[in-house]
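The chains referred to below are lettered A, B, ... by the order of the sequence lines, with proteins before strands, and numbering in each begins at 1.
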Protein chains: 2
Amino acid sequence: MVTIYDIARAAGVAKSTVANVLSGKGKVSEATRQRVLYYARELGYRPNLLARNLSQHRTFTVALILPTIANPFYPEIMEAIEHILRQRDYQTLFCNTHGDFALGRQQMERLMSRWVDGYIIMGSSMDIADIAHYFRQGVPIVLCDWQENESPSDIPQVTVDFFRAGQLAAEHLLALGHRRIAVIVDEPQQHLRLEGFRTTLRQAGLELPPDRIALGDSSLESGYAAARQLLSVGQELAPPTAIFATNDWMALGAMELVLDRGLRVPEDISIVGLDDIVVSAHLRPPLTTIAIPKTRLAQEATELLLAQIEAASREQGHELPLAGEGNDGAPQRQAETAPLRLVPPSLVVRQSTAAPVSS
Amino acid sequence: MVTIYDIARAAGVAKSTVANVLSGKGKVSEATRQRVLYYARELGYRPNLLARNLSQHRTFTVALILPTIANPFYPEIMEAIEHILRQRDYQTLFCNTHGDFALGRQQMERLMSRWVDGYIIMGSSMDIADIAHYFRQGVPIVLCDWQENESPSDIPQVTVDFFRAGQLAAEHLLALGHRRIAVIVDEPQQHLRLEGFRTTLRQAGLELPPDRIALGDSSLESGYAAARQLLSVGQELAPPTAIFATNDWMALGAMELVLDRGLRVPEDISIVGLDDIVVSAHLRPPLTTIAIPKTRLAQEATELLLAQIEAASREQGHELPLAGEGNDGAPQRQAETAPLRLVPPSLVVRQSTAAPVSS
DNA sequence: TTGAAAGCGCTAACAG
DNA sequence: CTGTTAGCGCTTTCAA
């Protein structure tokens with residue numbers, strides 16, 4: 001392979017001169033500059049990023065950690081993040097924890113070996129305790145689409161106002177006149193969504209009885225199963241006229257079950273989702289949902305992360321912090337400006353919701 | 001940060017002894033072994049992979065290049081590949097070319113700087129000429145889900161028998177009794193699927209008139225638009241009773257349009273897709289489709305790639321080939337065993353197809 | 001303006 | 001068994 005040394009020899013200069021030319025730093029006479037450039041091209045020189053990264057302690061790579069890509073929400077946001085990162089000349093290293101905390105830790109541990117400059121951690125793909133552990137050692141991290149609207153351990157975070165999202169869903173269903181309302185939720189991860197929803201119902205004088213809450217695990221299949229459960233209480237409770245699923249993917253499953261039962265959406269049962277994944281708009285009926293501004297989420301997350309990376313590389317004299325002894329050697333982060341950014345969700349009314357036929 | 005040197009000093013041994021202990025190679029007395037291990041743990045040692053990679057000329061990272069992740073087919077196969085690669089202790093570097101050859105080349109170029117040990121290139125995310133260029137220089141590459149059943153430039157390839165897939169779709173529709181059949185295809189990329197389809201129709205005495213072929217770009221929206229076009233010929237041709245879309249994503253778009261028109265699927269129009277993405281099974285009606293065995297594709301692709309990587313790292317004395325002068329210095333690859341693996345597609349009958357109502 | 005030299009952290013021969 | 005030494009390719013002082 002061709003190294004700067006090869007170029008140096010060919011051009012009759014020193015290695016460092018070549019380095020200077022290539023990096024644009026330092027003063028080099030135009031003549032030698034051209035000569036070096038000429039040979040670089042001639043020999044087919046290609047910089048060795050490993051070597052460069054080793055000496056610079058930076059990789060210009062960011063890890064994107066997410067719990068799954070089976071739920072289309074993640075690929076969608078992933079696409080957005082990767083796109084932005086690339087514009088800033090960063091590579092994206094994709095890590096799928098498959099919703100397994102142990103696996104998440106293991107992957108993170110591996111990545112910590114100086115592989116990446118920072119981490120965007122999505123959903124609830126990792127144990128917050130593990131994350132905080134790394135963050136405290138100075139590792140640039142940003143939580144994205146985190147499920148709680150508090151910043152645990154001061155880790156910068158950009159997420160959706162999920163409480164508000166729950167409220168929006170409730171308001172919509174109430175406005176349509178629904179009173180028998182059920183929820184499918186991935187507890188405890190999506191607790192806030194449920195709370196927002198519950199709060200608004202309560203303000204309207206409605207309680208959410210346990211039989212009207214079914215648990216899911218965010219997968220489509222679990223939405224299907226949860227809906228079945230909701231429709232088969234039968235005993236004391238009349239069946240719901242509306243279902244709010246705390247994500248679209250489960251909502252699709254719920255809708256599938258409802259249709260399988262021979263019921264109509266929205267005539268017999270209204271369904272509201274949350275996320276606004278692409279397919280939701282293309283179903284029959286198109287899904288009413290609470291939309292999450294994914295691009296915005298992606299933008300703010302990368303912004304927050306790159307800011308940290310820049311800061312770290314400056315502070316530490318171009319040496320990015322790495323998990324080490326983790327003791328007082330590392331400068332403690334000062335509490336910066338509020339590291340929590342909340343983006344607002346919005347209601348998208350489509351055709352899976354309507355007024356209930358009768359009370 | 002803690003280096004092996006720190007451990008060596010703490011344990012009172014030499015750097016290389018530490019290296020030996022850590023790598024498990026070489027003979028080390030149990031006593032020193034324990035001592036080294038003790039200090040490694042104590043100091044919170046974490047190997048620096050950059051350094052290791054630099055000296056080993058390997059990164060244990062594979063790039064997965066794909067044209068988009070908007071079409072759910074890609075995330076699905078991506079998940080499979082990442083999973084397998086991780087089991088083999090490789091990281092996956094995800095690259096989205098957004099269907100743009102220029103962008104693909106650019107990304108590839110960057111990756112070539114010794115970032116990754118090999119490439120799995122999917123769909124038609126890159127210009128085959130560019131790929132061949134790298135491959136000739138000895139870069140481990142495998143084409144996956146490539147659209148032509150020939151191995152251009154002898155690049156190892158694992159793909160689906162798309163010609164057969166087209167045949168399966170046609171056979172199914174013919175068996176149901178359809179005669180007015182239309183196709184939505186992403187030409188020329190998916191030419192084989194069309195050809196298989198056309199061939200079978202022809203054997204049944206049916207031609208595919210140009211008005212019954214609509215072009216799409218593999219996106220859902222293009223499927224929608226193509227279906228509109230197919231249904232609005234109106235003039236001379238009677239509308240089709242069945243539509244074959246060369247991928248599920250377009251099929252969903254087509255189905256959406258058909259339903260938007262107030263027509264029923266399958267009563268008025270049958271629809272067949274190709275890919276068998278997860279959502280297809282959960283639509284109303286569930287989509288009949290030609291399934292691609294994604295896991296198998298993923299497995300064979302990684303297998304083929306890792307074989308190349310191993311071979312390369314052995315041959316070149318543990319130095320992985322890199323794009324360099326590209327002249328005769330690099331040993332030309334010998335034509336190995338047929339580098340084309342074809343996996344068979346299969347028909348999955350669901351409810352989007354039925355016999356036409358009348359002729 | 002250019003060059004020499006000392007790292008970055010790890011691996012790998014080769015001596016002792 | 002252990003230590004010494006010489007790299008991997010690039011960056012970065014610091015002299016010349």
Side-chain angles (χ1 to χ4, degrees), chain A residues 1-36 40 43-60 112-115 117 313 316-324, chain B residues 1-36 40 43-60 112-115 117 313 316-324:
Chain A
M1 83 167 302
V2 183
T3 74
I4 52 169
Y5 183 63
D6 296 321
I7 300 179
R9 219 174 17 185
V13 297
K15 244 173 42 169
S16 51
T17 302
V18 176
N20 281 338
V21 171
L22 263 25
S23 68
K25 295 178 197 165
K27 300 280 169 203
V28 185
S29 75
E30 189 55 24
T32 43
R33 215 181 83 80
Q34 288 306 335
R35 200 144 38 89
V36 166
L43 298 174
Y45 171 74
R46 205 186 293 278
N48 181 330
L49 292 190
L50 285 177
R52 176 178 303 172
N53 294 338
L54 177 60
S55 75
Q56 288 194 153
H57 298 281
R58 291 192 68 170
T59 60
F60 288 93
M112 282 300 295
S113 303
R114 278 216 176 285
W115 258 110
D117 294 343
S313 90
Q316 311 246 339
H318 292 284
E319 159 145 6
L320 246 31
L322 171 80
Chain B
M1 82 168 300
V2 184
T3 73
I4 52 169
Y5 183 63
D6 296 320
I7 301 178
R9 218 173 17 184
V13 298
K15 242 173 43 167
S16 54
T17 302
V18 176
N20 281 338
V21 171
L22 262 27
S23 68
K25 296 178 195 164
K27 301 281 171 202
V28 184
S29 73
E30 188 55 24
T32 43
R33 215 181 82 82
Q34 288 306 334
R35 200 144 38 86
V36 166
L43 299 175
Y45 171 73
R46 205 186 291 279
N48 181 329
L49 292 189
L50 285 177
R52 176 178 302 173
N53 293 338
L54 177 60
S55 74
Q56 287 192 154
H57 297 279
R58 292 192 68 170
T59 60
F60 288 93
M112 283 300 294
S113 302
R114 277 218 177 287
W115 258 110
D117 293 344
S313 89
Q316 310 247 338
H318 292 283
E319 159 145 9
L320 245 32
L322 171 82

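Between A:L50 atom CG and C:dT11 atom P the separation is 14 Å, expressed in whole Å. Rounded to whole Å, the distance from CD on A:Q56 to P on C:dG9 is 14 Å. Per the geometry, CZ belonging to A:R46 stands 17 Å off C1' belonging to D:dC10, to the nearest Å. For the pair A:N48 CG and D:dC10 C1', the computed distance is 8 Å after rounding to whole Å. What separates OH of B:Y5 from P of C:dA6 is a distance of 16 Å, to the nearest Å. A straight line from CD1 of A:I4 to P of C:dT2 spans 16 Å, rounded to a whole angstrom. Rounded to a whole Å, the CG atom of A:L54 is 17 Å from the P atom of D:dG7. Regarding A:R52, its CZ atom lies at a distance of 18 Å from the P atom of C:dG9, rounded to whole Å.
Side-chain nitrogen and oxygen atoms of B:K25 include at least one within less than 4.0 Å of the OP1 or OP2 phosphate oxygen of C:dA12. One finds no side-chain N or O of A:T17 lying less than 4.0 angstrom from the OP1 or OP2 phosphate oxygen of C:dT1. The side chain of B:S29 places an N or O atom within less than 4.0 Å of a non-bridging phosphate oxygen (OP1 or OP2) of D:dT2. Dashed line: the shortest gap from a side-chain N or O of B:S55 to OP1 or OP2 of C:dA12 is not under 4.0 Å.
Distance from the side chain of B:K15 is smallest for D:dA6 among the nucleotides C:dG9, D:dC10, D:dA6. Nearest nucleotide to the side chain of A:P47, out of C:dC10, D:dC10, D:dT12: D:dC10.
The residue B:S16 sits close to a base: some heavy atom pair falls under 4.0 Å. Within the nucleic acid shown, B:S23 has no heavy atom closer than 4.0 Å to any nucleic acid atom.
Looking at heavy atoms from C-beta onward, B:I7 lies in side-chain contact with B:L43 at the 4.5 angstrom threshold. For the pair A:L22 and A:Y45, the minimum side-chain heavy-atom distance is below 4.5 Å. Residues B:R35 and B:T32 form a side-chain contact, since some pair of their non-hydrogen atoms from C-beta on lies under 4.5 Å apart. Side-chain atoms of B:L54 and A:N48, non-hydrogen and from C-beta on, do get closer than 4.5 Å to each other.
When all heavy atoms of A:W115 and B:T59 are compared, the closest pair comes out as CZ2-O, 3.7 Å.
Positionally, the nearest nucleotide of DNA chain C for A:V13 lies more toward the 5' end than for the other of B:L22 and A:V13.
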